[in-house]
Each structure stands twice: as structure tokens, then as C-alpha cells.
Amino acid sequence: MRAFSKLTAAAAAALVAAGLAAGPAAAAPSTTTDVRLITFNDFHGNLQPPSGSSGRVTLPDGTTVNAGGAAYLATHVKQLRGQVANSVVLSAGDNVGASPLDSALFHDEPTMALLNELGVKASVIGNHELDEGYRELLRMQFGGCHPTDGCQFRDSYPGARFPILGANVRFDNGLNAALPFSVTVSGGVPIGIIGVTLEDLPLVVTPEAIAGLRFGDEVKAVNQSSRLLDLLGIKTQVVLLHQGDNTEGGGPDECRTTPGPATAIATAVSASVDVVFTGHSHQQYNCTVTDPAGKPRALVQGASFGRLLSVVDLKVDKRTRDVVRPATRAHNEIVTRTVTPDPVVQALVDEARTKAAPIANRQVGTISADLVRAAPASGESPLGDVIADAQLAATASNDAQIAITNPGGIRTDLTYASSPAGEGDGVVTYGEAFAVQPFGNIMQTVTLTGAQLKTALEQQWQPQPDGTVQVRILQISSTLHYSWSQSAPVGSKVSDITVAGVPVTDTATYRVSLNNFLAAGGDGFAVFAEGTGLTGGPVDLDAFTAYLTANQNLAPPAADRVTVLP
Ligand SMILES: [Zn+2]
């Protein structure tokens with residue numbers, strides 16, 4: 001003991017001497033290394049600054065600020081990297097799919113080019129990474145031209161310079177269908193990055209796209225990879241989880257989540273995991289959960305569309321190479337548009353826009369007159385009729401009997417006259433169809449009872465807290481008819497419901513096709529979420545264009561599905 005003290009004293013003296021010799025600025029060497037993780041989620045090909053509410057971030061006081069746009073995102077990433085010595089850029093999935101035309105037309109190759117340019121080190125398979133199937137995911141990863149469309153964006157597609165992970169994605173034979181984790185080194189610290197997607201992925205992707213794949217328990221998959229990283233001596237472990245919780249509002253750095261799957265997973269996974277980045281729910285939150293060892297663990301999500309960057313600053317003990325957990329600092333950085341857009345990324349964004357223009361003008365069908373979304377008193381619109389009929393046709397293999405869609409999902413009219421692009425009268429281009437159905441919603445078919453169907457139709461009238469009634473008339477396929485009464489009270493306005501001409505009874509069951517937004521109870525149609533026997537279908541836009549192609553010279557349907565009674 002005595003000898004040790006002596007040695008320590010001597011060492012201290014030597015340090016002091018060294019300090020004096022080096023001048024007043026010298027300090028004791030740090031025992032930790034700082035590593036900054038910069039992650040975005042659910043980018044969905046938003047190369048251009050997203051518009052409307054998709055391009056705004058809500059602040060804690062309820063006001064909003066414009067945010068997003070790939071060139072601004074790149075500038076913010078560079079700034080965040082410039083502030084620190086060591087940083088790693090990551091993505092929590094849904095980089096592609098349900099994306100705007102500029103990216104979607106090229107099978108999201110421009111977006112993959114962006115991620116390469118941003119220096120992303122790892123991403124995870126989101127549900128939308130599988131929209132076009134597993135083979136297309138492999139092409140996204142490894143490169144090559146699209147098997148049917150070829151290389152439309154550039155002469156070749158080189159693939160992703162980072163792994164697209166999926167620890168719980170397996171083939172039917174049990175073998176891994178994706179790399180479960182990757183290791184990157186930053187500031188001399190080896191960092192294990194585990195990717196895991198939502199176990200419920202089959203509910204939000206069309207079955208054909210994921211044939212032969214299985215999606216396992218998220219916690220089990222993370223722990224399996226985490227154990228392996230433990231054995232390899234990789235103590236700094238990060239999870240990219242493509243699953244998220246909902247929130248009851250709140251600013252980017254508040255934690256007003258309604259604890260759901262993300263909180264449950266982030267709380268349960270191995271204590272070796274230091275940070276959990278999430279996605280999928282497009283929410284903003286900055287939470288801390290307690291891991292199984294009782295230590296704090298960051299749980300964050302950065303909204304969507306490149307509006308926020310989730311920044312987690314870690315202090316890693318140089319000796320143990322493990323994260324000093326209480327010293328973790330996390331925040332969501334708003335991708336404001338007040339910075340100078342990154343010139344390299346701006347050129348990429350402009351290139352995609354320029355090259356998209358001619359493809360957007362591809363003819364998908366013809367119409368004999370305007371198909372408008374505005375509706376007369378009944379609430380039934382010509383364009384709503386056509387879209388619902390298209391959705392029914394596209395889900396015939398799900399045994400769908402009727403299709404119902406939300407008016408808010410129909411964004412603009414299809415007009416007979418030439419568009420500024422110059423195509424002939426009555427011609428519907430892909431770009432025009434895309435503008436009508438831009439959200440990339442996935443069709444789903446559920447079983448509802450007659451009573452539930454009646455409830456859904458009654459939910460078209462929703463009493464508001466201020467005493468008014470919000471009316472939102474659903475658009476329905478030609479197989480569904482009903483009447484509603486102007487004078488009847490809310491809750492009993494609907495009568496004479498028929499499906500294929502047969503009166504609906506409370507106990508009979510019906511296969512009903514809805515987009516995934518409505519099927520989840522969106523727009524206040526809570527009863528739709530009670531549907532059972534859910535089967536996935538195609539993207540709504542694909543259903544729409546297929547119908548336009550199959551029904552040339554399409555006329556506005558007769559408005560006979562909804563009857564208004566006094
Ligand atoms: Zn998702």
C-alpha cells in the first residue's frame with residue numbers, strides 16, 4: 001500500500017512537472033472518447049423540401065418551423081459532424097418507398113445516391129424497403145439496373161455503400177435474409193450497429209413482396225446479435241429499430257409518447273445496448289428508458305422526411321470501450337431551411353427533378369371528361385367513385401366485396417384538358433395520377449360485420465368539442481349503396497345499406513378494402529381498426545393506374561351510390 005502511494009505521488013509530481021513544461025493549457029488526458037451518432041428515419045425519398053404539414057416541425061409551444069429537403073439535410077449533417085472529432089451517420093429505415101415522383105420514378109436510386117453522399121454507415125430494412133420485394137431490396141443493396149425498367153436515372157446503379165440490416169428478417173428455412181449487424185470504428189471505438197424491423201411488417205406490406213420471408217421477435221433478434229457483439233468485445237452497441245411509438249404532441253425533444261412497441265422493445269433488450277433509434281411512426285420524441293440493468297438508455301425518433309436529425313453524443317470509456325451511460329446527451333436537430341443548401345446534394349436533387357419530367361408524362365390511360373374530387377350534397381364524387389372501384393378491382397384476390405377510401409387521400413382532380421406538359425386531351429399521365437394519389441398508401445382488406453360497416457358510415461358525422469359536427473363522406477365502390485338523412489340525429493343517419501344489391505344485416509360479414517391509413521382507424525373512423533383477417537394489397541397509386549389502363553376512355557360514373565333523404 002505504502003509503496004503504491006509513493007508511486008502515485010511520484011507519478012503525480014511528474015504530471016505536474018510535465019504540465020508546467022507544456023504550459024497552462026495542458027490538462028490531464030481524457031479517459032473517455034466522444035462519439036456522435038447522427039440518425040434520420042423515414043426519409044421516404046424526400047429530395048425536394050416536403051410541402052404542407054409534411055415539411056413542418058412542431059415546437060413545444062405548438063408553433064411550427066419549415067424543415068426538410070435533402071440539400072439542407074446534407075448541410076446540417078456536415079455542421080453536426082464539424083462540431084465533433086468523431087461521428088457516425090445512420091438511418092433507421094424507410095429511406096425509400098412511398099416517395100415523391102422525383103425519387104419514385106427511378107426506383108429511389110436518387111435517394112440511395114443521397115445516402116451514399118451523406119456517408120451513411122448503416123441502415124435497417126423498413127417495411128417500405130420491401131415495397132417492391134426482396135429482390136429489389138437486394139438490388140438496392142448491391143446495385144445493378146432494374147430488371148424491367150433498366151437504369152433510368154444514371155447509366156448504372158452502384159448500390160448502397162452501407163449495409164441494410166435486418167436481424168429479425170429470415171427466410172422460411174430460418175437462415176438470415178439480411179446482415180443482422182455491422183461494426184464501424186469511430187475515434188478508435190468499435191461500434192456494433194444492430195438493425196431490426198417491426199415484427200408486424202407483414203401487416204403493412206403486400207404479401208407477394210415478402211413471400212418466403214419471416215419477421216421474428218425484435219427483442220430476441222437484438223439480443224442474439226448483442227450477445228455476439230459482447231463475445232467479440234464490442235461494448236458500444238446501437239440499435240436501429242424500424243418501429244416506433246405514437247405521441248400526444250410535444251416538441252422534438254419532449255417525450256410525450258404513448259408507450260407502445262418501441263418503448264417495450266427499448267426497455268427489454270440486453271443491457272449491452274446503449275442507444276435505440278426508432279422510426280416507422282413518423283413521430284418526434286427524445287426519451288430515456290431504463291435498461292434491464294437499471295441504467296438509462298436513449299430512445300429517440302426524428303419525425304420523418306428528413307425534417308429532424310436525431311443526434312446522440314456518447315462518452316466512451318477508453319479502457320473498457322463501453323459507454324458511460326449517464327453522460328449520454330441526445331437531441332433532435334431541426335433541419336431548417338435557413339442554412340446554405342449543400343451544392344453537391346442540390347445538384348443531385350436538380351438532376352432527379354430534370355430527369356423525372358419526361359417519365360412523369362408517360363400515358364397511363366384516357367378519360368372522356370373531367371374526374372373531379374368535389375362532391376355534391378351526397379358527398380359522392382366522380383373521382384372518389386373511380387378510385388374506390390380501382391381499389392376494389394386491385395384487391396379482388398383478397399375476396400374484397402367493397403372498397404372504401406377517405407376523401408382526404410384524393411389530392412387533386414383529373415382533368416380532360418391538356419396539362420401544361422402538352423399531352424393530348426383526355427390523356428392521363430403517370431404524373432397526373434401520382435398527384436391524385438401521392439401518399440403511397442398500401443391497400444388492405446379486412447373483414448367487418450354489417451354492424452361495424454353501419455358504424456363506420458355513421459362515423460362520417462363526428463361531433464366536435466365545440467358542438468359542431470365534422471362531416472367527412474367516404475368514397476365507396478359501386479358494390480356499396482346506402483342512404484343518409486339530413487334531418488336524422490348523428491349516430492342514426494344511415495339506412496338502406498346494400499352490398500352487391502343485397503341488404504346488409506348486422507351479423508353478416510363483408511370483406512372490405514381500405515388503405516392502410518383508414519384501416520388503422522384514421523380520420524376518426526375508429527371502427528375500421530376492429531376489422532379482422534387483414535390481408536395486404538398493392539400501393540393505392542398502382543391500383544389507380546392499373547384501373548385507368550384497363551378502362552380506357554373512362555367516363556365519370558353515375559352518382560347513384562349515396563342517396564340523400566330529407
Ligand atoms: Zn415504416
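Order of listing sets the numbers, starting from 1, for every ligand and every atom in it.
Within the cation-pi definition used here (under 6.0 Å to the ring centroid, within 45° of the axis), Lys355 does not qualify as a partner of Phe106.
Using a 4.0 Å cut-off between charged nitrogen and carboxylate oxygen, Arg325 and Asp291 count as a salt-bridge pair.
Neighbouring protein atoms of the Zn ion (ligand 1) (N, O or S, distance under 2.8 Å, waters ignored): Asp94 OD2, Asn127 OD1, His242 NE2, His280 ND1.
Applying the salt bridge (charged side-chain N to carboxylate O under 4.0 Å, His left out) test to every pair with at least one member in residues 36-64, sequence neighbours left out, gives these pairs: Arg36-Asp313.
Residues passing the side chain to side chain contact (heavy atoms under 4.5 Å, CB included) test with Asp342 are Ala74, Thr75, Lys78, Val344, Val345, sequence neighbours excluded.
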Which pairs would a plain distance check flag for residues 163-170, meaning a side-chain donor or acceptor within less than 3.5 Å of a matching protein atom at least two apart in sequence or in another chain?
| unit_1 | atom_1 | unit_2 | atom_2 | d |
| --- | --- | --- | --- | --- |
| Asn168 | OD1 | Thr197 | N | 3.1 |
| Asn168 | ND2 | Thr197 | O | 2.7 |
| Asn168 | ND2 | Gly216 | O | 3.0 |
| Arg170 | NH1 | Gly174 | O | 2.7 |
| Arg170 | NH1 | Asn176 | OD1 | 3.4 |
| Arg170 | NH2 | Gln224 | OE1 | 3.2 |

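Annotation for Arg81 and Val89: closest pair NH1-CG2, 3.4 Å, computed over non-hydrogen atoms.
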